[in-house]
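As structure tokens, the structure follows; a few thoughts come after it.
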There are 2 protein chains.
Amino acid sequence: MMQDITIGQLARETGCKIPTIRYYEQIGLLPQPRRTAGNTRRYEANHVARLGFIQHCRELGFAQNAIRELLALTDQPDEPCEAVTKIAETRLADVKRRLARLEALKSELERMIGTCAGGRVKQCRIIEALAH
Amino acid sequence: MMQDITIGQLARETGCKIPTIRYYEQIGLLPQPRRTAGNTRRYEANHVARLGFIQHCRELGFAQNAIRELLALTDQPDEPCEAVTKIAETRLADVKRRLARLEALKSELERMIGTCAGGRVKQCRIIEALAH
DNA sequence: CCTTGCATCTCTAGTCACTATAGATGCTAC
DNA sequence: GTAGCATCTATAGTGACTAGAGATGCAAGG
């Protein structure tokens, strides 16, 4: 397959380090790619998307278990609707909580930047914005 | 000070484990509290808010360095406006990126839950929603 | 007072998710 | 075919906790 790429190309395309890619394969987040006769990994297009997804999830602070659940939604599209919906709803609730907190933080950062005209910041309520 | 609380009470109020609280103190995220004559820690109200803030930041996947920057905005309210604004703007850009990704994920989860009426999920585009 | 017992203390070691290094082998281009 | 960078496996190290061991603190009952 000519369009298959090496682990180095995959790393460059996604910004993910090579050992991390192998680590994700080891713990089962990335499926094992095919190998050449000389035992080097060859990745296909779907690996690029999947790795990008995993990276964004990690950046957003999702637990490994949550990432597995989300990937399971892709891996088992023939699962009964109920099961998939239940997982999706749990994840959605989590996503909504995160959105609310980020919005609060965003508002406070914007307020700080906006009211900074005088020369000194009067007060910072970042902690209060996120402490609940 | 009667309103001071022990590390155990702080742990219960914030849901943070006791060794983690001591760890945050060790790495300088939480200020050292005063001690009793017998050397046990006594926390004040501001510690509760600050620890809650740190926890939410960790859950949202902020790097330790980012958390330090955000806390610095609180710790140095007398800093010149420019410096504070610069930090706040950097953090704000980061927060906005996260918000955009979470919104994309939210939309896709909602679409999946919504179109699931038939009995099987037709297709899952979660990966595409977050792969970019 | 003094004990009983749970809470804290410090210190060391273990876990999880990477990340870096070492030494061997693969692959492409002269 | 060989120079040289890429990839391979395997092991060790880092950052951020997390769990234990053994010693001391401290409120409550006798």
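This structure is a prediction, so every number in the text was calculated from the model and none was measured. All heavy atoms count here, side chains included; hydrogens, waters and symmetry mates do not.
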Does [N] have its OP1 or OP2 closer than 4.0 Å to a side-chain nitrogen or oxygen of [X]?
X        : N       : result
Tyr24(A) : dA17(C) : no
Arg41(A) : dT9(D)  : yes
Gln64(A) : dC16(C) : no
Thr40(B) : dT24(D) : no
Thr6(A)  : dA6(D)  : no

Separation of [N] [atom2] from [X] [atom1] (nearest whole Å):
X        : N       : atom1 : atom2 : value
Gln9(B)  : dC26(D) : CD    : P     : 14 Å
Ile5(A)  : dA6(D)  : CD1   : P     : 15 Å
Arg68(B) : dG15(D) : CZ    : P     : 12 Å
Tyr23(B) : dG14(C) : OH    : C1'   : 15 Å
Gln55(B) : dC17(D) : CD    : C1'   : 13 Å
Leu51(A) : dC18(C) : CG    : P     : 11 Å
Arg22(A) : dA20(C) : CZ    : C1'   : 12 Å
Ile21(A) : dT9(D)  : CD1   : C1'   : 16 Å

So which one's nearest nucleotide on DNA chain C is more toward 5', Thr20(A) or Asn39(A)?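 Counting from the 5' end, the first nearest nucleotide belongs to Thr20(A).
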What contact category does Ile27(B) fall into here, base, sugar-phosphate, or nothing, at under 4.0 angstrom with non-hydrogen atoms?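 Nothing, no heavy atom under 4.0 Å.
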Test: Arg41(A) and Glu25(A) ion pair at under 4.0 Å: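 Salt bridge present between Arg41(A) and Glu25(A).
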Are the charged groups of Glu59(B) and Arg101(A) less than 4.0 angstrom apart, N to O?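 So Glu59(B) pairs with Arg101(A) through a salt bridge.
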Is it the case that the side chains of Arg22(A) and Gln26(A) hold a donor-acceptor pair, with the cut-off being a distance below 3.5 Å and no angle test?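 Result is no, nothing qualifies.
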Of Arg35(A) and Thr36(B), whose nearest nucleotide on DNA chain D comes first from the 5' end?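 Nearest-nucleotide comparison on DNA chain D picks Arg35(A).
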Phe62(B) and Val95(B), any side-chain heavy atoms less than 4.5 Å apart: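 The answer is yes, as the side chains (C-beta and beyond) meet within the 4.5 Å cut-off.
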Report the C-alpha separation of Ile27(B) and Arg68(B) in whole Å, then their side-chain angles, then the decisive distance to 0.1 Å, and conclude whether the side-chain contact (heavy atoms from CB on, under 4.5 Å) test is met. CA-CA 11 Å; Ile27(B) 63 174; Arg68(B) 275 182 209 284; 4.1 Å; yes
Looking only at the side chain of Pro19(B) (C-beta and beyond, no hydrogens), which of the listed nucleotides dC18(C), dA19(D), dT8(C) gets closest?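 Among dC18(C), dA19(D), dT8(C), the one nearest the side chain of Pro19(B) is dA19(D).
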